[in-house]
*Asks:* 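Mind looking over this structure? Questions follow.
Below, chains carry the letters A, B, ... as their sequence lines are ordered, and counting in each starts from 1. Because the structure is predicted, anything quoted here is derived from the model rather than measured. Only this structure's heavy atoms are used, side chains among them; waters, hydrogens and symmetry mates stay out.
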Amino acid sequence: MLCMVCKKNPATVQITDIRGGQKKQVNLCAECAKGQGVIIKAQDALAALLANIGQLAAKELEKGADLRCPSCGTSFADFRTRGRLGCPRDYEVFREMLEPLLMKIHGSLSHTGRSPAPKGREEGASGAMQRARQLTELREELKRAVAGEEYERAAELRDEIQKLEGRRDET
Amino acid sequence: MRLEDLIQHPGEWLRGEGEESDIVISTRVRLARNVAEYPFLSAISEERARELGEYLSGAIEGAKLPEKLSVLQLSKLSVVDRQVLVERHLISREHAEGKGERSVAVDDDEVISVMVNEEDHLRIQVLRSGLDLDGAYDRVRRVDEALSAEVNYAFDGKLGYLTACPTNVGTGMRVSVMVHLPVLVLTKHIRRVHKAVAKIALTVRGFYGEGTEATGDLFQISNQVTLGKTEEEVLKEVDAVVRRVASYERQAREQLMKDNQMFLEDRVGRAYHALLGARTISSVETMQHLSAVRTGIHMGIVRNVTVPCVNELFVLTQPGHLQKIAGEELDPRRRDAFRSAFIRKRLESSN
């Protein structure tokens with residue numbers, strides 16, 4: 001959905017205008033919302049978040065623009081456009097920029113709720129994860145085998161993949 | 001589980017029972033969870049998303065739970081089937097329309113649903129009839145604990161459960177209570193609800209969640225904050241607000257009965273007979289009339305229709321369900337005719 005004012009940028013701010021009992025929905029991009037002098041009463045938390053990012057000091061944004069998560073490759077600019085982070089580690093990498101947002105959304109920076117139950121077994125990949133990883137590896141190998149015209153090997157791999165896939169369907 | 005079986009009976013949340021069920025339709029609690037070893041879905045490759053989907057489906061099927069969860073792969077379902085799942089509130093609209101390896105695991109009673117590869121790797125949801133926050137949370141917590149034996153959750157000592165969107169970080173818990181507020185809408189007092197709800201940072205959303213208009217006078221009351229409050233604190237706050245809103249609606253109903261009983265009886269009667277007399281009807285009009293009939297039942301004006309019948313019709317008259325019941329694709333015109341005949345049959349047999 002495009003911004004109703006500039007009709008160029010994607011609309012990230014949704015405003016529900018209630019006047020005299022009449023409800024009107026207005027969709028704007030963060031820029032136009034600000035330019036219009038609209039007092040943003042965001043309908044949902046995400047709109048509030050994105051509007052808030054738009055209002056961050058230019059200095060902070062510049063600093064953030066260079067930052068990229070070494071794990072998933074997401075930059076802070078990517079986050080600003082998508083509204084979604086790339087991986088759990090982003091919270092650490094972008095901590096400085098995220099903290100004011102979290103404060104704005106939640107009014108807090110510390111989790112006080114539950115934690116995951118301590119694991120009764122050794123840390124590491126579970127059986128289900130190992131199987132899924134093995135499948136990915138086999139599929140990649142199969143692709144390579146087909147590309148290299150090793151058809152005998154490819155047939156073997158295909159059988160192996162089907163066996164492994166079948167195991168999940170049976171359970 | 002087959003979708004054809006699902007269609008035959010309504011979900012548990014439509015029973016029309018439970019606390020405050022004259023006003024509260026359903027209670028939903030959902031937890032957002034992610035696997036520590038994988039990127040979130042906005043930054044994942046197709047291959048890794050497939051691997052993750054297979055891993056989590058396996059983990060869900062292997063989880064030690066009293067309920068049996070069946071995994072439905074969305075890419076293998078038709079558009080209509082996916083729409084049916086949305087209409088039954090088992091998956092989100094985004095999940096239905098998304099790409100890549102996505103699935104949902106559902107128990108036979110349709111109380112539990114676990115979405116795999118939605119915005120977060122896992123969205124664990126419990127849906128109950130009436131106002132039942134503690135019951136719903138208990139149930140969702142048990143599923144969460146069972147899954148945590150198989151999955152290493154992305155969790156940070158300071159920020160809690162890490163989610164793709166910072167609006168969910170912390171508990172990852174979103175509570176949504178669906179309320180029916182026809183007389184507050186009718187008497188234009190719905191602003192009181194917006195006010196009551198805004199004070200403690202809750203949001204009001206339409207029937208199908210974020211960004212949808214409320215139809216049939218149905219609203220969702222949800223918490224906004226997920227960081228800095230315990231699950232119990234949030235549940236308590238939402239519970240208090242819902243009860244306050246319900247009392248506003250009840251007051252408004254009593255007042256209207258006192259001031260203008262004939263006006264109300266006229267509205268309800270017309271709505272009931274419109275549903276019976278129509279030969280073609282849109283889904284918007286249907287929702288409006290059903291809302292009035294539901295009000296009429298609770299106020300003793302309509303005696304020959306039950307609440308579960310009306311609740312079911314809210315869902316069964318949606319486009320996906322109608323086409324599933326008809327057993328074929330219907331264009332909007334034929335759908336409106338089919339809908340009208342279906343409603344008439346249901347109301348007459350409820351009579």
*Asks:* Looking only at heavy atoms and a cut-off of under 4.5 Å, which of A:Gly113, A:Gly107, A:Gly86, A:Cys72 has the most pairs with chain B?
*Replies:*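 Of the candidates given, the most pairs with chain B belong to A:Gly86.
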*Asks:* Can you tell me if B:Lys76 has over 12 outside heavy atoms packed within less than 6.0 Å of its NZ?
*Replies:*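 Atom NZ in B:Lys76 is not crowded, with 12 or fewer foreign heavy atoms closer than 6.0 Å.
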*Asks:* Under a 4.0 Å N-O cut-off, is there an ion pair linking B:Glu51 with A:Arg131?
*Replies:*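 Not counted as a salt bridge, because no side-chain N and carboxylate O are separated by less than 4.0 Å.
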*Asks:* With a sphere of 6.0 Å drawn around CZ of B:Arg102, does it hold more than 12 non-hydrogen atoms of other residues, nucleotides or ligands?
*Replies:*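 Atom CZ in B:Arg102 is packed in, count exceeds 12.
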*Asks:* State, with a plain yes or no, whether a side-chain heavy atom of A:Met129 is found less than 4.5 Å away from one of B:Leu52.
*Replies:*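 Heavy-atom side-chain distance check fails, nothing below 4.5 Å.
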*Asks:* With a 4.5 angstrom heavy-atom cut-off, is it the side chain or the backbone of A:Thr74 that approaches chain B, or both, or neither?
*Replies:*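 When you check distances to chain B, only side chain atoms of A:Thr74 fall under 4.5 Å.
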*Asks:* So for B:Val234, is it side chain, backbone, both, or neither that comes closer than 4.5 Å to the heavy atoms of chain A?
*Replies:*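 The answer is neither part of B:Val234.
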*Asks:* How far does OH of B:Tyr161 sit from NE2 of A:His111, to the nearest 0.5 angstrom?
*Replies:*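 One finds 6.5 Å between OH of B:Tyr161 and NE2 of A:His111.
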*Asks:* How long is the span from the CZ atom in B:Phe40 to the CG atom in A:Asp90, to the nearest 0.5 Å?
*Replies:*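 Reported value, rounded in 0.5 Å steps: 7.0 Å.
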*Asks:* Side chain, backbone, both or neither: which part of B:Asp144 has a heavy atom under 4.5 Å from chain A?
*Replies:*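 Looking at B:Asp144, nothing touches chain A.
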*Asks:* If you count heavy-atom pairs under 4.5 Å between each of B:Met173, B:Arg50, B:Glu47 and chain A, which one has the most?
*Replies:*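 Most pairs with chain A among the choices: B:Arg50.
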*Asks:* At a heavy-atom separation under 4.5 Å, does B:Arg33 approach chain A through its side chain, its backbone, both, or neither?
*Replies:*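 Answer is neither: B:Arg33 stays 4.5 Å or more from chain A.
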*Asks:* So which of A:Leu98, A:Leu109, A:Leu135, A:Asp78 has the largest heavy-atom pair count under 4.5 angstrom toward chain B?
*Replies:*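 Top option by heavy-atom pairs under 4.5 Å: A:Leu109.
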*Asks:* Give, as side chain, backbone, both or neither, the part of A:Glu137 having an atom under 4.5 angstrom from any heavy atom of chain B.
*Replies:*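 No part of A:Glu137 comes within 4.5 Å of chain B.
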*Asks:* Tell me, with the steps shown, if A:His106 and B:Lys229 meet side chain to side chain contact (heavy atoms under 4.5 Å, CB included).
*Replies:* CA-CA 9 Å; A:His106 302 287; B:Lys229 286 181 185 168; over 6 Å; no
*Asks:* Working note: B:Asp156 + A:Tyr91, criterion side chain to side chain contact (heavy atoms under 4.5 Å, CB included); need CA distance, chi angles, decisive distance, verdict.
*Replies:* CA-CA 9 Å; B:Asp156 176 84; A:Tyr91 279 96; over 6 Å; no
*Asks:* Side chain to side chain contact (heavy atoms under 4.5 Å, CB included) for B:Val169 and A:Leu102? Distances and angles first, verdict last.
*Replies:* CA-CA 9 Å; B:Val169 76; A:Leu102 292 172; 3.6 Å; yes
*Asks:* Working to the nearest 0.5 Å, report the span between CG of B:Leu162 and SG of A:Cys87.
*Replies:*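 With rounding to 0.5 Å, CG (B:Leu162) is 9.5 Å from SG (A:Cys87).
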*Asks:* With chain A as the partner, which of B:Gly160, B:Gly172, B:Gly157 has the greatest number of non-hydrogen pairs under 4.5 Å?
*Replies:*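 Maximum pair count with chain A is reached by B:Gly160.
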*Asks:* Can you tell if the side chain of B:Cys165 reaches within under 4.5 Å of the side chain of A:Leu85, non-hydrogen atoms only?
*Replies:*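 They are not in contact (no side-chain heavy atoms under 4.5 Å apart), so the answer is no.
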*Asks:* Might you point out which heavy atoms bring B:Gly58 and A:Ala128 nearest each other, and give the distance in Å?
*Replies:*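 Heavy atoms of B:Gly58 and A:Ala128 come nearest at C-CB, 4.1 Å.
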*Asks:* Applying side chain to side chain contact (heavy atoms under 4.5 Å, CB included), run through A:Thr136 and B:Arg48 and close with a yes or a no.
*Replies:* CA-CA 8 Å; A:Thr136 307; B:Arg48 291 273 280 169; 5.8 Å; no
*Asks:* Hey, which of A:Glu92, A:Arg89, A:Arg114, A:Glu140 has the most heavy atom pairs under 4.5 Å with chain B?
*Replies:*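 The option with the most such pairs is A:Arg114.
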*Asks:* Taking NZ, NE, NH1 and NH2 as the nitrogens, is one of them in A:Arg84 or B:Glu119 under 4.0 Å from a carboxylate oxygen of the other?
*Replies:*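 Looking at B:Glu119 together with A:Arg84, the answer is yes, because their closest N to O distance falls below 4.0 Å.
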*Asks:* About how many Å separate CZ of A:Arg133 and CD of B:Glu54, when rounded to the nearest 0.5 Å?
*Replies:*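 Answer rounded to 0.5 Å: 13.5 Å.
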*Asks:* Working to the nearest 0.5 Å, report the span between CG of B:Leu227 and OG1 of A:Thr112.
*Replies:*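 Reported value, rounded in 0.5 Å steps: 7.5 Å.
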